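Notes to accompany the following structure.
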Amino acid sequence: VIGRDEVALSAEACSELGGPWTAAPLVGDPVYNGDGTETLTFRHPLPRSSGQQQYLRIKATRLP
């Protein structure tokens with residue numbers, strides 16, 4: 001829920017599930033859905049034309 005600061009969300013990307021995982025960039029601005037939630041869009045840093053597998057995972061970090 002927007003406004004709750006207990007958790008920070010980010011995304012990580014890799015081309016092999018064993019890693020290494022790197023930060024995936026946030027694309028555009030958050031979209032506020034009008035129901036207290038927001039949608040974030042992340043993109044793998046490699047272009048699809050690279051021919052490599054592309055994996056993303058969401059990382060949730062609890063804030064102090």
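All figures in this text were calculated on a predicted structure; none of them were measured in a lab.
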What's the spacing between Cys14 SG and Tyr55 OH if we round to 0.5 Å? 7.5 Å

Minimal heavy-atom distance between Leu26 and Leu40, with the atoms involved, is CD1-CB, 3.9 Å

Is the backbone N or O of Asp35 less than 3.5 Å from a side-chain atom of Asn33, with the two atoms forming a donor-acceptor pair by type? no

Looking only at atom types and distance, does a side-chain atom of His44 sit under 3.5 Å from a main-chain N or O of Ala24, one as donor and one as acceptor? no

Please step through side-chain contact (heavy atoms from CB on, under 4.5 Å) for the pair Gln53 and Ser15, ending with a clear verdict. CA-CA 5 Å; Gln53 295 290 331; Ser15 296; 5.5 Å; no

Full working for side-chain contact (heavy atoms from CB on, under 4.5 Å) between Gln52 and Leu46: CA-CA 8 Å; Gln52 295 182 339; Leu46 292 176; 2.9 Å; yes

With Arg43, which residues qualify under side-chain contact (heavy atoms from CB on, under 4.5 Å), at least two apart? Val27

Any donor-acceptor pair under 3.5 Å from Glu6 side chain to Leu63 backbone: no

For Phe42 and Leu56, which heavy atoms make the closest approach, and how far apart are they? O-CD1, 4.1 Å

